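To start, I am sharing the structure in question, which I have written as C-alpha cells.
Computed over heavy atoms, backbone and side chain alike; hydrogens, waters and symmetry mates excluded. For clarity, every value in this text was computed on a predicted model and none was experimentally measured.
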Amino acid sequence: MKVNVLEQVHNQLSDLLDKTLEEAAHSIPWHLRVDPAKKQSREKGQLLKKKVFVPQQSLYDTLMEVEHFRTIRHIFVATLCIFVLKQIIGDSIDEGRLVWDFDLIISSFRQLPTALFAWLCMFLYTLFVPYQALQIWSGRLKMTRFPNLLTVTLVVLVLLCHTAMLGFFPLYILLSCDLGIASRFIVISEQIRFLMKSHSFLRESMPPLLLARDQVGKISPPELSTYLYFLFCPTLIYRKSYPRDPYIRWSYVIQKLVEFLASIYFLNFLMKYSFIPMFKNMHKQPFTIKILLLSIFDSVVSGITLGIMIHYFLLHCWQNMFAEILRFADRSFYKDWWNSRSFSGFFRIWNIIIHDWLYYYIYQDILRLFGGRARGGAMLIVFLLSAVVHEYLLTLAFSMFFPVMFVLFAMIGGQYSLGKWTEPLLRGFKQGRVA
C-alpha cells in the first residue's frame, strides 16, 4: 500500500507540476524559458506514464456534499418540474384526460429488441474472438519458429473479423431495419465502445506477453473473468484489477436509475415543446439573416439545457450506476468542464473515459512512433479522429449529414493543434533572428 500511495502521489504531483509549468511558460520571455532539450527529455519521460486508477467519487457527488450546491441543484430540479407540470396540465385540459405523453420516447426506441439483438451479437463476438486470438497467440508464441509471421497472421484475421462483426454488421442492422433514433444510438455507441474495448485489451495484454517470451516457464494470458469485467466496467483502459468498493449501495443504484429515467422523460418534453416547434416549419420560411439569428438565439437556452442533461444522465447517472453495481471505485468520469478557459481544456476534462483512451492509445503511441516528437501532429490526429467518430455517430443516428461536430472538433481543435505544431518553429525562428 505504501508503494502504491507513493506512486499515485508522485503521478498526481507530476501532472500538477507539468500543468503549472506549461501555464507559466507563456508569461515569461523566450530566453528565460525551459531549455528545449530538457523539455524534450521530460516529454519522453511522460511517454512511460500509465493510467493510475484511484478510489474517488464523481465530482457531482462531491459537490452535493456542500449545502450551497445542493440548493442550486434543488432550484434547477424545481424549475424542470414546473416546466413538465405546465405541459402535462395544459395537454390534460385540452384532451380532457391525463396525458403523460410517451409518444416521442416510444418512437425513439422503435425496434428496441432488434437493437438489443445486435448488441448481444457484438458483445459475444468481442468477448470470445479477441480473447481466443490472444490465447492462441500466447500459446504458440514459444513453439513456432516464425513468431512474427504468427503475429501478423493473427492480427490480419482479427482485423478482418472486426471489420465484419464490428463494422459491417451494425451498419447492416441500421440500414436494413427501421430503428428509432435512440435505438440507433445504442447500436452505434456500442459498436464504437466494443472497438475501443477490444483494442485496449489487446494493446495492454500483448506487450507483457512479448516480454515474457524469452523467460523460462509458461506464458499466462489474462483470465476471461478479468476481460468480462472490463467489458462492463466504466473505463476504456484495461487492467487485470481495479480498485474496488467493499460493498454495493443499492439505494444509490436506485437513485441513479430514477434520475436516469427522469432525465430521459424531461428530454422528451424539451424536444417536443422546444426544439420541434422551433424548427418544424423553418423550411417553409424564406431564408433571411434575421430568421437565422433569431433561431440561433432562441435555441441557446434549450441547447445548453439539453447538453447539460445529456452529460448528466450519460456520464454521471449511467456510469455511476454501473460503477456501483460492479463496485468500481474510480468514479472520475469527468472534471469541472464548466470552468474550462479553452477548447483544448474542455476537450480533456468533459469526458475522461474517452480522453484517456485517446491519450494513451493514440496520442502517446504516435509520440512513441516518432521518438517523442510531432506533438502537434499527434494532437491534430486525435482531434480529427474525434471529429470523424462524432460525425459518424450523429449522421447515422439522425439519418442526415450536418457536420457541426466535425467543424467544431476539426477546425477549432485542429487550429489549436497546428499552433502547438508550429510553436517550436516560430521559437527557433525568433531565436535565430535575435542571434
Inset, instruction - Answer yes or no: does atom NE2 of H74 have more than 12 heavy-atom neighbours from other residues, nucleotides or ligands under 6.0 Å? - result: yes
Legend entry - CZ (F370) with more than 12 external heavy atoms under 6.0 Å: no
Inset, instruction - Flag the pair F128 / Y227 as yes when their ring centroid distance falls below 6.0 Å, and as no otherwise. - result: no
Inset, instruction - Evaluate whether atom CD of E223 has more than 12 neighbouring non-hydrogen atoms of other residues, nucleotides or ligands under 6.0 angstrom away. - result: no
Legend entry - Basic-acidic side-chain contact under 4.0 Å: R193, E190: yes
Inset, instruction - For the pair W137 (side chain) and L154 (backbone), establish whether a donor and an acceptor sit closer than 3.5 Å, ignoring hydrogens and angles. - result: no
Legend entry - Test side chain to side chain donor-acceptor pair (under 3.5 Å) applied to H311 - qualifying residues, sequence neighbours left out: Y60, W337
Legend entry - Option passing side-chain hydrogen bond (donor to acceptor under 3.5 Å, both in side chains) with R331 (candidates Q57, E324, Q56, Q319): E324
Legend entry - Minimum side-chain heavy-atom gap T235-D356 below 4.5 Å: no
Inset, instruction - May I ask you to check whether over 12 heavy atoms, not counting those of F232, lie within 6.0 Å of atom CZ? - result: yes
Legend entry - Residues forming a side-chain contact (heavy atoms from CB on, under 4.5 Å) with V156, sequence neighbours excluded: V152, L160
Legend entry - Main-chain N/O of Y247 paired to R327 side chain as donor or acceptor, under 3.5 Å: no
Inset, instruction - Examine distances only and state if a side-chain atom of D330 and a backbone atom of S332 form a donor-acceptor pair shorter than 3.5 Å. - result: yes
Legend entry - Lys NZ or Arg CZ of K197 over F201 ring: under 6.0 Å, within 45°: no
Inset, instruction - Find out whether Y312 and E259 are in side-chain contact, i.e. whether some heavy atom of one side chain is under 4.5 Å from a heavy atom of the other. - result: yes
Legend entry - Any donor-acceptor pair under 3.5 Å from S58 side chain to D61 backbone: no
